[in-house]
2 protein chains.
Amino acid sequence: MAMSQTLKAIADPVRRQILELLREKSYSAGDIASKFDLSQATVSYHLKLLKKADLIRERKEKNYIYYELNATVFEEVLTWIYSLGIGGHEND
Amino acid sequence: MAMSQTLKAIADPVRRQILELLREKSYSAGDIASKFDLSQATVSYHLKLLKKADLIRERKEKNYIYYELNATVFEEVLTWIYSLGIGGHEND
DNA sequence: ACTCTATTTAGATGAAAATCTAAATAGAAA
DNA sequence: TTTCTATTTAGATTTTCATCTAAATAGAGT
């Protein structure tokens with residue numbers, strides 16, 4: 001279940017871009033929303049999915065909510081990919 | 001685009017199981033379908049998506065179609081995941 | 001308490017995904 | 001060339017997803 005949730009979360013380009021943004025530093029929901037040509041509500045929906053997948057964590061400060069990346073959850077995905085024999089160049 | 005296609009393909013548990021099956025050896029479409037409690041047509045649909053994502057390749061032999069894993073396509077995904085800082089144990 | 005401001009939640013809509021049954025295709029075998 | 005067998009394609013249905021607008025919440029500042 002966790003795998004599907006993680007992978008579905010990152011299968012969407014908007015959500016990947018959010019994670020890429022959060023690579024550098026944390027941003028408030030509003031800051032994140034402003035980077036996209038989408039309604040705040042839509043971005044909030046994407047944030048909710050990322051949060052549910054534990055790919056981001058929130059930290060409340062003043063009346064902002066800051067989101068930050070939690071990439072540890074990728075471990076399982078990496079393990080799975082590597083288990084397929086992967087990923088690299090050894091198939092030549 | 002390729003990323004989304006790859007990730008959407010593996011976001012589905014049935015398709016992941018198909019890839020896991022193909023880790024060992026190639027199987028015909030019918031053999032694959034028999035492992036699932038789904039109609040042949042449905043499994044064929046999943047195979048089509050995996051093929052479109054280039055995660056599997058087909059080889060025709062007799063009147064069977066054998067599918068085999070192509071994991072090289074994960075490279076891009078791995079690169080992306082690693083670019084996020086991850087995904088190992090270094091966050092302790 | 002009232003009013004801003006940041007964000008989420010609710011409810012609706014359209015598009016995409018997963019599934020089924022039935023029909024079509026294509027090749028092997030007879 | 002007729003019949004089997006393996007597989008896909010078509011078409012219909014149900015569910016899930018991405019999106020919007022409008023309304024609700026919650027906390028800060030006044």
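In what follows, chains are A, B, ... by sequence order, proteins preceding strands, each numbered from 1.
Listed by residue number, there are no residues of residues 18-32 of chain B with a heavy-atom contact under 4.0 Å to DNA chain C.
Closest heavy-atom contact between B/Ala11 and B/Arg16: O-NH1, 3.3 Å. The two residues B/Val73 and B/Asn70 have their closest heavy-atom pair at CG1-O, 3.7 Å. The shortest non-hydrogen separation linking B/Leu84 to A/Leu19 is CD2-O, 3.7 Å.
With hydrogens and angles ignored, the 3.5 Å screen pairs no side-chain donor or acceptor of A/Arg15 with any backbone N or O of A/His46.
One distance of note links CD1 of B/Ile56 with CG of B/Leu50; it measures 4.5 Å at 0.5 Å rounding. Annotation: the span from A/Tyr66 atom OH to A/Asp31 atom CG amounts to 7.0 Å, rounded to 0.5 Å.
Within the 4.5 Å cutoff, the side chain of B/Ile10 has heavy atoms near those of the B/Phe74 side chain.
For the pair A/Lys60 NZ and C/dA6 C1', the interatomic distance rounds to 11 Å; values are reported in whole Å. As a whole-Å value, the separation of B/Ile65 CD1 from C/dG27 C1' is 10 Å. Following rounding to the nearest Å, B/Lys48 (NZ) and C/dT19 (C1') show an atom-to-atom distance of 13 Å. Remark: P of D/dA6 and OH of B/Tyr66 are 10 Å apart, rounded to the nearest angstrom. Per the geometry, CZ belonging to B/Arg16 stands 12 Å off P belonging to C/dA18, to the nearest Å. In this structure, NZ of B/Lys51 is placed 12 Å from C1' of D/dT9, rounded to the nearest angstrom. Taking atom CD on A/Glu58 and atom P on C/dT7, their separation rounds to 11 Å, with Å as the unit.
Applying the salt bridge (Lys or Arg N to Asp or Glu O under 4.0 Å) test to residues at least two apart or on different chains, the pairs with a partner in residues 50-60 of chain B are B/Lys51-B/Glu58, B/Asp54-B/Arg57, B/Glu58-B/Lys60, B/Arg59-B/Glu61, B/Arg59-B/Glu68.
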In 5'-to-3' order, the base (B), backbone-only (S) or no-contact (-) status of each nucleotide in nucleotides 18-30 of chain D, using a 4.0 angstrom heavy-atom cut-off, is BBBB------SS-
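For B/Tyr64, the OH atom counts as loosely surrounded, since its 6.0 Å shell holds 12 or fewer non-hydrogen atoms of other residues, nucleotides or ligands.
Contact annotation for B/Tyr67: backbone-only contact, meaning every heavy-atom pair under 4.0 Å involves sugar-phosphate atoms and none involves a base.
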